[in-house]
Every structure is written in structure tokens, then in C-alpha cells.
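Below is one structure; the comments refer to it alone.
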Amino acid sequence: MKAFLSMSQHWGCDLTKLPNLENLVSDYVTNIQALGMRAAIEQLSK
């Protein structure tokens, strides 16, 4: 995740510098893998 978020040439900046973003993205990806995309998205609206 760190390598992906730190691709400043892609994002325009190193996103790992944003507080807690790496942890949030990692948690979302874990939920998608465990629950599937639809269920993970539905959880966001609760």
C-alpha cells in the first residue's frame, strides 16, 4: 500500500504524507476483500 500511495509522479504528491490515509485505505481494501465490494460500500453509508 505504501508504494502505491507514495507514487508522487502518479498522484502529484506523496499521499503517505497525509495523516492516517495509509491506514484508512488499507482498512477499506481489507473490507472489500473480506466482504466484497457491494457490502463494503454499503458499510460506508451506515
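FYI, the numbering just counts along the sequence from 1. Keep in mind that what you see is a predicted model, and the values were worked out from it rather than measured.
Distance alone, capped at 3.5 Å, places no donor-acceptor pair between the S26 side chain and the E22 backbone.
Of the inter-residue distances, the one linking L5 atom CG with L21 atom CG reads 5.5 Å to the nearest 0.5 angstrom. Note that the CD atom of Q43 and the CD1 atom of I32 stand 10.5 Å from one another [nearest 0.5 Å]. A distance of 5.0 Å separates CG in N31 from CG in L35, rounded to the nearest 0.5 Å.
Note: W11 and F4 have perpendicular aromatic rings, judged against thresholds of 30 and 60 degrees for the angle between ring planes.
Placement of L15 and V29 within a single hydrophobic cluster is found when ILVMFWY residues are connected by side-chain heavy-atom separations under 4.5 Å, directly or transitively. Linking ILVMFWY side-chain heavy atoms closer than 4.5 Å, directly or via other members, places L18 and M7 in a single hydrophobic cluster.
Pairing each heavy atom of D14 with each of S8, the nearest pair is N-CB, 3.8 Å. What you find for K2 and T16 is that their closest heavy atoms are O-CG2, 3.7 Å.
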